[in-house]
Every structure is written in structure tokens, then in C-alpha cells.
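The first residue in the sequence is number 1, and the count goes up from there. Each ligand, and each atom within it, is numbered from 1 in the order the structure gives.
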Amino acid sequence: MKKLISISISIFILSVSQLKADEGMWIPLFLKKYNIEAMQKKGFKLTAEDIYSVNKASMKDAVMIFGGGCTAELISDRGLILTNHHCGYYSIQSHSSLENDYLRNGFWAMSDKEELVNEGLKVTFLVRMEDVTSKVLNGISENTDDYKREKIIENNIRLIEEDAQKGNSYKIKVKSFFYGNQYFLFVQKVYKDIRLVGAPPSSIGKFGGDTDNWMWPRHTGDFSLFRIYVDKNNEPAEYSEDNVPYKPKKHFPVSIKGVKKNDFTMVFGYPGRTQEYLTSYAVDMIKNKINPKKIEVRQNIIDIMSADMEKDPGVRIKYSAKYAGVSNAWKKWIGENRGLEILDAVAKKEATEKQLTDWINEDKDRIAKYGNLLTDYKNIYKDYTPYKLAQEYFYEAIWRMESVKFSSKMASFIKKEDVKKDDIESIKKYAKEFFKNYNLTTDKKLFKTLFRLYYENAGDKFQPEVMNIFTTFNHFKIDKEIVVEKYAKLYFDNTFFLNEEKFNDFIEKYSYGSEDTQKVKDTPGYNFFYDFVNVYYSKIIPFTEKYKTKIDKKNRLYIRALMESKPNKVFYPDANSTLRIAYGKVDTYEPRDGVEYQYFTTLDGVIEKDNPEIYDYDVPDRLKELYYKKDYGKYGEDGKMHICFIASNHTTGGNSGSPVINGNGELIGVNFDRNWEGTMSDIMYNPDQCRNISLDIRYVLFIIDKFAGDKRLVDEMTVVE
Ligand code: ARG
Ligand code: GLU
């Protein structure tokens with residue numbers, strides 16, 4: 001009988017852990033301790049050291065942060081790296097013009113010489129990481145007050161970073177995990193000469209555009225290729241003609257054997273931010289108070305931009321990157337809210353809190369430590385919400401006015417006591433970039449709409465002086481629309497620097513004198529910006545900061561209490577742009593009652609969606625030709641060209657471009673998105689619905705080899721057949 005019970009208990013534990021197993025973004029340093037067994041059970045054939053080691057070449061030496069927010073991986077011993085098309089987008093766009101539109105037509109360097117230099121682009125590798133919790137918390141006890149605690153931590157971190165920096169040029173950073181319950185030191189190596197090697201046309205790399213974005217089934221060939229260049233000693237260097245391709249310790253072999261349901265997959269990359277341990281109060285605020293407003297503002301921006309882009313191909317180039325950014329989060333928030341609603345996330349969080357409260361109340365010491373925790377949260381969030389909302393309106397409405405961004409540059413320019421030649425050069429450079437992607441007509445429309453939205457929604461306390469015009473005109477019963485119209489005219493007619501010619505004229509003749517400064521100060525653009533910034537810094541930020549500090553402190557205790565109450569559970573920390581591993585399996589899912597989604601898509605779907613009338617669905621002729629000839633070479637499977645697949649790896653923004661790796665440690669895909677039904681996984685993961693979307697590596701090779709004919713690139717890879 002006893003045996004039976006223990007068997008059934010272990011079956012229970014097994015099924016619980018199976019259910020939850022795919023949730024989590026794990027720390028490479030702790031794989032051996034927490035995860036490797038589970039990974040091996042799922043089909044991973046290598047060891048924890050093969051993934052992360054400081055003693056030998058391991059996978060971590062082939063994974064990097066790409067630019068500011070994506071991941072990329074090495075796929076040859078000549079520094080060739082693979083990431084998403086949307087991650088390389090900015091670089092591709094910056095080399096594009098109406099005559100040479102690499103966004104529309106794609107770009108392929110047929111030799112090293114043709115590879116394009118990208119100023120400012122860098123990639124960052126992890127050299128090693130170390131758990132420094134005890135060093136950071138050294139000198140702190142249960143009774144240390146908050147102020148002292150913060151000072152001690154700051155100081156300890158500084159000492160650790162200085163020590164790690166001795167005798168090297170690495171990038172050093174200590175980061176907090178679990179809201180200050182754990183700390184890690186990161187030693188990183190940064191490479192700065194990164195060249196564009198190849199990108200498919202947007203009709204492949206961005207196929208389906210924002211319509212298909214966040215959606216499964218998906219047919220986007222979302223990849224681009226770059227190369228790391230180094231000096232003669234194989235070390236990072238600024239761009240130089242003499243630089244040579246980087247010879248890495250490790251690159252991923254590429255498997256073209258294909259992907260089957262239930263295959264093990266792991267995603268190794270840099271997830272940016274998740275908030276899995278929020279309380280019900282926070283989830284309620286995000287879901288019911290903040291997200292709906294942000295969605296509304298962005299909907300307005302999207303309508304304005306897309307109408308103008310539709311009308312004019314020039315505007316399309318200028319605004320494509322901006323539009324993609326605005327639309328991306330907009331659509332994610334919509335999915336996130338739906339997912340949270342379906343999951344009944346607030347109620348689930350409340351249940352967790354109830355459990356925790358019961359646990360706290362079982363014991364005097366716990367009551368002393370955690371007694372007020374949950375009631376405090378409730379009050380803090382109630383007070384915090386209006387400020388948070390105002391802050392979001394500042395970012396989403398005011399800061400999205402392009403003129404305001406430029407005014408902010410002008411404001412800091414004229415603020416300088418002694419303007420140097422460098423300052424002039426730098427603002428000239430900024431202006432050149434700004435105007436390259438600026439359409440005054442579009443910005444005017446944005447301005448009017450966003451101005452009104454802020455006025456109507458941000459809250460009475462947070463209105464700057466300029467909003468008084470509404471009250472004044474209201475008095476005369478003049479329509480709001482007309483007020484906005486009139487003000488916008490005044491604003492744009494009299495802010496001279498929003499005109500490229502006038503700006504250039506001004507800056508060429510800039511005489512370092514007060515007259516010039518005054519000229520800027522007299523513009524409505526400058527004053528508008530100034531008014532809003534004043535409100536922001538005096539009436540919004542001090543309060544949001546105050547509440548955030550309170551919440552952070554609570555969170556530190558809350559998560560500690562959670563951990564103490566579940567001593568057998570292994571917790572994973574929220575994503576914080578550090579290297580993580582997610583693992584799971586290739587899997588189908590049921591988005592709605594009666595519907596099951598396959599785990600892969602093929603080129604057939606691209607042809608089904610083909611529509612020359614719509615930019616995002618205009619399949620290139622060359623691709624159609626290959627399709628009708630079924631000319632897939634060794635990359636096809638049973639006469640089909642596979643394009644994307646889904647799996648149950650827990651990923652988020654930042655994981656774009658991450659390598660998707662099979663049980664043998666070979667590259668089978670590139671992560672680029674999540675399914676819409678699963679976007680709430682940043683706040684609450686649902687194993688039945690959450691899938692990451694990857695590009696099948698065979699489609700990448702097919703496009704490079706057959707579509708673009710850049711065979712040299714395939715030849716330098718290690719292809720496993
Ligand atoms: N949703 C993906 C991510 O979060 C892809 C975004 C880029 N694509 C686009 N159509 N906007 O970054
Ligand atoms: N596209 C996202 C990125 O740029 C990845 C999708 C996600 O959020 O999971 O990182």
C-alpha cells in the first residue's frame with residue numbers, strides 16, 4: 001500500500017512537472033544543477049558544459065547580443081552571423097534609397113569586399129558569469145534600513161565591478177535577479193566592426209508584414225546575415241579596411257535533417273523583460289488600466305502612418321521601421337490582454353496570494369516578516385495608477401510626436417554654455433538622419449491626434465500650460481478639433497527648425513550668440529517641449545519613481561516569501577536581457593475549440609497568400625519560379641519547402657534571432673516571434689497555448705543558395721545532412 005501511494009505521488013509529481021516543464025528562462029550557469037536532467041529526458045544528447053563552460057569552447061561562445069535588443073549566432077568559422085530580418089532592418093534600411101532599395105529588393109554580397117559597413121552596430125558576447133550574491137549583500141542584515149541597504153549594495157557592486165575590470169577591456173556589469181534577492185556578475189566582449197552580408201527582399205524577410213506579425217500559421221523568411229570583422233590578432237577593433245573576418249572558438253553546425261513533432265528544441269539567447277511574479281494588483285493595472293489606453297493611442301498612430309505610407313512609396317521607406325515598431329507592441333498588447341482574460345490571470349494571481357497569506361499566517365516569524373505585504377500592495381497600486389497612466393501618455397503620445405524629439409535635441413543643444421564644433425557636427429548628423437526619415441505632413445497629423453488624446457486622457461493634474469487654450473476656447477464654445485487645428489498651424493508654421501532647409505541655414509550660420517539661442521526659444525516647438533518636460537519632471541516622474549521604489553522593495557520580500565513557501569520548487573528569474581536557455585519540444589496547439597494548428601508551414605502557404613496588390617504579400621517571381629519547378633535541392637522534404645515551425649520554448653522580445661537548437665546541439669532554426677494566443681507569457685505562461693515561432697533553417701539555406709545564388713555563404717557553413 002505504501003508503495004502504491006509513493007508511486008502515485010511520484011506520478012503526480014511527474015505529471016505536474018511535465019505540465020510546467022517548458023515554462024522558464026534558465027540561467028546557463030545553473031543548468032547542471034537544475035535543468036540538464038530534464039533536458040536530457042526530453043532528448044538533449046549533450047552536457048551542460050557543451051552549452052556553457054569557461055574552460056572549453058561551448059555554445060555560449062557562438063551566441064551574442066545583436067545591436068541593442070536582439071540575439072544572433074555564429075554559423076561559420078569566418079565570423080558569419082545569423083539573425084532576423086527585423087533585427088537587421090535598421091541597417092538594411094540605412095543602406096537603402098529609392099534607387100537602391102535593399103528593403104524591397106534584398107541585398108547579397110557576393111564577396112567579402114561587397115559586405116557593407118554599419119556604423120554604430122555592435123555585437124556582445126558573454127565571456128563568463130558569476131553568482132556574486134553574497135558579495136553584493138555583504139554587510140547587510142535583516143535589520144539594515146532601506147537607505148543604508150541601498151548604499152551598501154551600490155558600494156559593493158562598484159567594488160566587484162572594479163575588481164573584475166582590472167587588467168582587461170571587457171565590459172563588466174553586475175545585475176540583479178529576483179528583485180534583488182540574487183546578483184550576477186557579467187563579463188562581456190564587444191565587437192564593433194559588423195558588416196551586412198545578406199538580406200532577402202522584404203517580400204520574403206517580412207512576408208505578411210504586420211498583418212501576419214505575432215500570428216501562426218506564419219510564412220515569414222525573417223533572417224539576415226552579417227559578419228564580424230576583427231584586427232590581425234583576431235581581437236575587436238573599430239572599422240578598418242585592414243580588418244579581417246573573425247575566427248571564433250565555436251560556431252553552430254547547421255542541420256538540414258528537418259524537424260518533427262515532439263523533437264527536443266532549445267532556444268539560447270537574450271530575452272529582454274518578463275514579469276512573471278507580479279501580484280494581482282499589478283496585473284489588474286496593466287490589463288485593465290494601462291494596456292487598453294496604450295492600444296488606443298497606437299491604433300491612432302497606425303491609422304495615420306499606414307494611410308500615408310499606402311499613398312507614397314517614399315513615405316513607405318521613411319516610415320517602415322517606425323511603423324513596424326509602433327505596430328509590433330500594439331499588437332502584442334492586444335494579444336496579451338486577450339490571453340490574460342482567457343487565463344483569468346487576475347483570479348489566478350489572487351489564488352496564489354491567498355495561499356501565500358495562509359502560509360504567512362501559520363507562523364509568528366512569518367507574520368513579523370511578511371505580515372502586511374499584500375494589503376500594502378493594494379494601496380500602493382491604487383495610488384500609483386494615475387501617475388503610471390500619465391507617464392505612459394507622455395511616452396506614447398507626446399514622445400511619439402516626431403517634432404518633439406527634434407525639439408528635445410534643439411533644447412539640449414542651446415542649453416550648452418559653450419557650444420563646440422563637435423556639438424554642431426553632432427546635431428547636424430542627427431538632423432540629417434532625422435530628416436531622411438521625416439515627412440512633415442505625417443507628423444502634423446500625428447501631432448494633432450496625439451495632442452488631443454493626451455488632453456483627453458492623461459489626467460487633469462498632468463496638463464501643461466499650453467492646454468489652457470482648450471479652456472479658453474471652450475469658453476467661446478469652439479470645437480476641440482478646431483482648437484487643435486489652429487494650434488497645430490501655429491506650431492508648425494513657426495517652428496523653423498522643422499524645415500530642413502531652414503535648419504541647415506540656421507546651423508551653418510550659428511554664431512554661438514544669444515540671438516540664435518533666443519530664436520530657438522521663441523519657437524512654439526521649443527516651448528511645447530519645454531512645458532511637457534516640466535510637467536513630466538515635476539509632476540510625474542518623482543511620483544512614479546517613489547511608487548516604483550516602494551513596489552520594488554515589496555517585490556523583493558514577496559518573491560522571497562514565495563520561494564520560502566515552496567522550498568521544493570525551482571524558480572526561474574524574470575528575463576532581464578541576460579543570456580538564458582529555454583527548452584521544450586516541437587508541438588501543435590489548439591487556438592480555439594475545434595481547431596488544431598499544425599507545427600509547420602510550407603511554401604504552399606506563401607503561394608496561397610500571394611497578392612501582387614498588397615506590398616506585404618507580393619511574392620517575388622523568382623520564388624514562384626522555384627516553387628513551380630519544385631527546385632528545392634537538398635533543402636526540401638517530401639516535395640515541400642518547409643518555412644516555419646512552432647515549439648513550446650518560453651521566449652520573449654530580445655529572443656529574436658536566437659538559435660533554435662536540436663538534441664545534438666545543431667542549429668535547426670532561428671527564433672523570431674511568438675503566437676498571438678501566447679503573448680501573455682511575459683506575465684503568465686500557459687503550456688497549452690504558448691508557442692515560439694522559428695524560421696526553419698532549411699528555408700534560410702534555400703533562399704541563400706537557390707533564390708539569391710550566394711552559394712559561397714552555404715559553403716562556409718558546416719552543414720549536417
Ligand atoms: N513580433 C516580432 C517581435 O516582437 C517581430 C517584429 C517585427 N516584425 C514586424 N512585422 N513588425 O519582434
Ligand atoms: N520578435 C521578438 C523580438 O524581436 C520575439 C518575439 C517575442 O516577443 O517572443 O525579440
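In this structure, the side-chain contact (heavy atoms from CB on, under 4.5 Å) partners of D710, at least two apart in sequence or on a different chain, are W108, M110, I704, R712, L713. C87 meets the disulfide (SG to SG under 2.5 Å) test with C70; sequence neighbours excluded. With sequence neighbours left out, the side-chain contact (heavy atoms from CB on, under 4.5 Å) criterion links T211 to Y617.
Test V586, D587, T265 against N649 for side chain to side chain contact (heavy atoms under 4.5 Å, CB included) and you get one pass: T265. Exactly one of R691, Q598, K261 qualifies for a side chain to side chain donor-acceptor pair (under 3.5 Å) with T588. That residue is K261. Checking K206, R218, K332 one by one against D673, the salt bridge (Lys or Arg N to Asp or Glu O under 4.0 Å) holds for a single residue, R218.
Regarding atom 5 (C) of ligand 2, its nearest protein heavy-atom neighbour is S656 OG, 3.1 Å. If you check which protein heavy atom lies closest to atom 6 (C) of ligand 2, you get D673 CA, 3.5 Å.
Within the listing of ligand 2, atoms 10 (O) sit less than 4.0 angstrom from a heavy atom of N655. Counting atoms of ligand 2 from 1 in the listed order, those under 4.0 Å from a heavy atom of W214 are 6 (C), 7 (C), 8 (O). Proximity to F672 (heavy-atom distance under 4.0 Å) selects the following atoms of ligand 2: 1 (N), 2 (C), 5 (C), 6 (C). Taking every non-hydrogen atom of G654 and a distance limit under 4.0 Å, the qualifying atoms of ligand 2 come out as 3 (C), 10 (O).
When only interatomic distances are considered, the shortest N/O to N/O separation between G69 and ligand 2 does not fall below 3.5 Å.
Counting only non-hydrogen atoms, the option in R273, H86, R674, K332 that gets closest to atom 9 (O) of ligand 2 is R674.
The residues lining ligand 1, counting any heavy atom closer than 4.0 Å, are H86, K206, G209, D210, N213, W214, A324, N328, S656, F672, D673.
Ring pair F44/F264 is tilted by interplanar angle, where 30° to 60° counts as tilted. Ring pair H219/F207 is perpendicular by interplanar angle, where above 60° counts as perpendicular and below 30° as parallel. Ring geometry for F702 versus Y635: interplanar angle over 60°, hence perpendicular rather than tilted (30 to 60°).
In this structure, R227 pairs ionically with E115, as a charged nitrogen and a carboxylate oxygen lie closer than 4.0 Å.
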